[in-house]
Amino acid sequence: MMIDPLRLSAAAGVTLGYLGLCALWLRILWRKPALNADAGVHWVCYASQTGSAEALAHSTAAALAARGESAQVLPLNRLDAATLETCRTASFIVSTTGDGDVPDSGVRFVEQLMRQRLPLKALRYAVLALGNRSYTHYCAFGHGLDAWLADCGARARFPRIDVDNHDADALTAWHDALGIKELGPVAPGIAAPLSEPEVWQTATLAR
């Protein structure tokens with residue numbers, strides 16, 4: 001069967017045009033809004049899998065803002081090298097999921113930033129690591145993040161605080177170390193971080 005060259009050219013043109021539109025759309029989807037790189041901002045960054053770290057990040061930022069600080073909440077995946085190298089104060093609230101794994105909202109940060117050594121000597125930071133001692137790799141991501149920041153030259157404002165299963169004493173130590181009287185209100189739509197852990201019961205499937 002003979003193929004019409006004109007039809008073939010037209011089909012190729014349509015295909016190329018479609019691919020061009022797809023590429024443009026992907027660029028729009030993946031374009032990140034510019035971050036405010038003001039060195040005076042206290043970044044409160046979180047990596048959360050179930051919402052607890054995110055809730056604590058919002059309530060921490062609210063408490064910081066209540067005392068007059070310029071605080072902004074940011075998922076860890078949105079923190080880029082330029083912003084991290086510019087900011088002077090940052091608090092990291094991160095959980096560990098699975099067998100010592102990084103939460104989804106921190107995977108890109110690990111792959112793009114933590115595989116290099118950034119110049120962070122001007123950064124003063126704090127880490128709140130959420131976890132559960134019943135797991136082998138307790139607070140593994142928080143420990144790794146703390147070690148990486150120190151290796152990049154950043155200075156810890158106080159020793160990392162580990163939270164075992166929403167331990168109230170550890171959370172009190174966190175806001176005391178930050179110099180805030182109490183955590184601020186949780187942002188609307190965010191699960192409260194201090195709820196009691198779920199109680200699992202044994203059940204038999206009858207049907």
Side-chain angles (χ1 to χ4, degrees), residues 42-67 69 71-79 89-111 113-114 124-151 154 156-205:
H42 184 150
W43 291 102
V44 182
C45 306
Y46 67 87
S48 185
Q49 194 69 23
T50 63
S52 292
E54 182 180 359
L56 281 169
H58 281 279
S59 56
T60 296
L64 291 170
R67 75 172 188 188
E69 283 197 45
Q72 294 193 28
V73 179
L74 192 70
L76 205 55
N77 277 348
R78 278 213 53 216
L79 185 60
T89 307
S91 293
F92 298 88
I93 302 175
V94 299
S95 61
T96 298
T97 185
D99 189 22
D101 299 323
V102 182
D104 293 340
S105 54
V107 171
R108 184 179 299 173
F109 177 86
V110 172
E111 293 179 346
L113 272 68
M114 287 184 67
R124 298 188 66 213
Y125 73 93
V127 173
L128 183 71
L130 309 184
N132 191 315
R133 289 190 184 277
S134 64
Y135 290 91
T136 302
H137 303 287
Y138 173 58
C139 291
F141 179 51
H143 295 178
L145 176 62
D146 184 28
W148 176 77
L149 289 166
D151 186 58
R157 300 177 63 190
F158 46 84
R160 182 193 68 248
I161 296 176
D162 295 344
V163 182
D164 179 22
N165 201 19
H166 303 297
D167 177 55
D169 290 339
L171 293 172
T172 298
W174 170 251
H175 65 67
D176 285 349
L178 287 175
I180 50 182
K181 293 183 178 180
E182 59 184 8
L183 296 177
V186 177
I190 302 298
L194 299 180
S195 58
E196 291 296 322
E198 295 181 359
V199 178
W200 292 86
Q201 297 180 347
T202 301
T204 301
L205 181 61

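- Taking the side chain to side chain donor-acceptor pair (under 3.5 Å) definition, one finds that Gln49 meets it with Asp104, sequence neighbours left out.
- The heavy-atom pair separating Ala177 from Ile161 by the smallest distance is CB-CD1, 4.4 Å.
- The shortest non-hydrogen separation linking Val102 to Val107 is CG1-N, 3.9 Å.
- The minimum heavy-atom distance between Val163 and Ala170, with the atom names listed, is CG2-CB, 3.9 Å.
- Every residue meeting the side-chain contact (heavy atoms from CB on, under 4.5 Å) condition with Ala150, not counting sequence neighbours, appears here in chain and number order: Tyr125.
- With sequence neighbours excluded, the residues that form a salt bridge (charged side-chain N to carboxylate O under 4.0 Å, His left out) with Asp151 are Arg117.
- With sequence neighbours excluded, no residue satisfies ring-ring contact (aromatic ring centres under 6.0 Å, His included) with Tyr135.
- To the nearest 0.5 Å, atoms CZ (Arg108) and CG (Leu113) are separated by 11.5 Å.
- Rounding to the nearest 0.5 Å gives a distance of 11.5 Å between CG of Asp164 and CG of Asp169.
- Remark: Ser91 pairs with His42, Ala126, Trp174, Leu178 by the side-chain contact (heavy atoms from CB on, under 4.5 Å) rule, at least two apart or across chains.
- Side chains of His143 and Thr96 form no contact here, defined as non-hydrogen atoms less than 4.5 Å apart.
- Atom OH of Tyr46 and atom CG of Leu130 lie 13.0 Å apart (nearest 0.5 Å).
- When all heavy atoms of Ser48 and Ser105 are compared, the pair lying nearest together is N-OG, 2.8 Å.
- Taking CG of Asn165 as the start and OH of Tyr138 as the end, the distance is 9.0 Å to the nearest 0.5 Å.
- Atom-to-atom distance recorded for Cys45:SG and Glu54:CD is 12.5 Å, nearest 0.5 angstrom.
- Applying the side-chain contact (heavy atoms from CB on, under 4.5 Å) rule to Ala61 yields the partners Val44, Ala71, Val73; only residues at least two apart in sequence or on another chain are considered.
- The CG atom of Leu149 lies 11.5 Å from the CZ atom of Arg160; values are rounded to the nearest 0.5 Å.
- For the pair Leu171/Leu128, a side-chain contact is recorded, criterion being any heavy-atom separation below 4.5 Å from C-beta on.
- Judged purely by atom type and a 3.5 angstrom limit, Ser95 uses its side chain to pair as donor or acceptor with the backbone of Ala47.
- With sequence neighbours left out, Asn132 forms a side chain to side chain donor-acceptor pair (under 3.5 Å) with Ser134.
- For the residue pair Arg157 and Thr89, the shortest heavy atom distance occurs at NH1-CG2, 3.8 Å.
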Exercise for review: List the steps and the verdict of ring-ring contact (aromatic ring centres under 6.0 Å, His included) for Phe92 and Trp148.
Suggested key: CA-CA 12 Å; Phe92 298 88; Trp148 176 77; 8.4 Å; no
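- The side-chain heavy atoms of Asp99 and His137, taken from C-beta on, include a pair separated by under 4.5 Å.
- Under the side-chain contact (heavy atoms from CB on, under 4.5 Å) criterion, Ala65 pairs with no residue at all, not counting sequence neighbours.
- Closest approach of Ala129 and Gly142 over heavy atoms only: CB-CA, 3.8 Å.
- With sequence neighbours excluded, no residue satisfies side chain to side chain donor-acceptor pair (under 3.5 Å) with Asp101.
- In this structure, the side chain to side chain donor-acceptor pair (under 3.5 Å) partners of Arg67, at least two apart in sequence or on a different chain, are Glu69.
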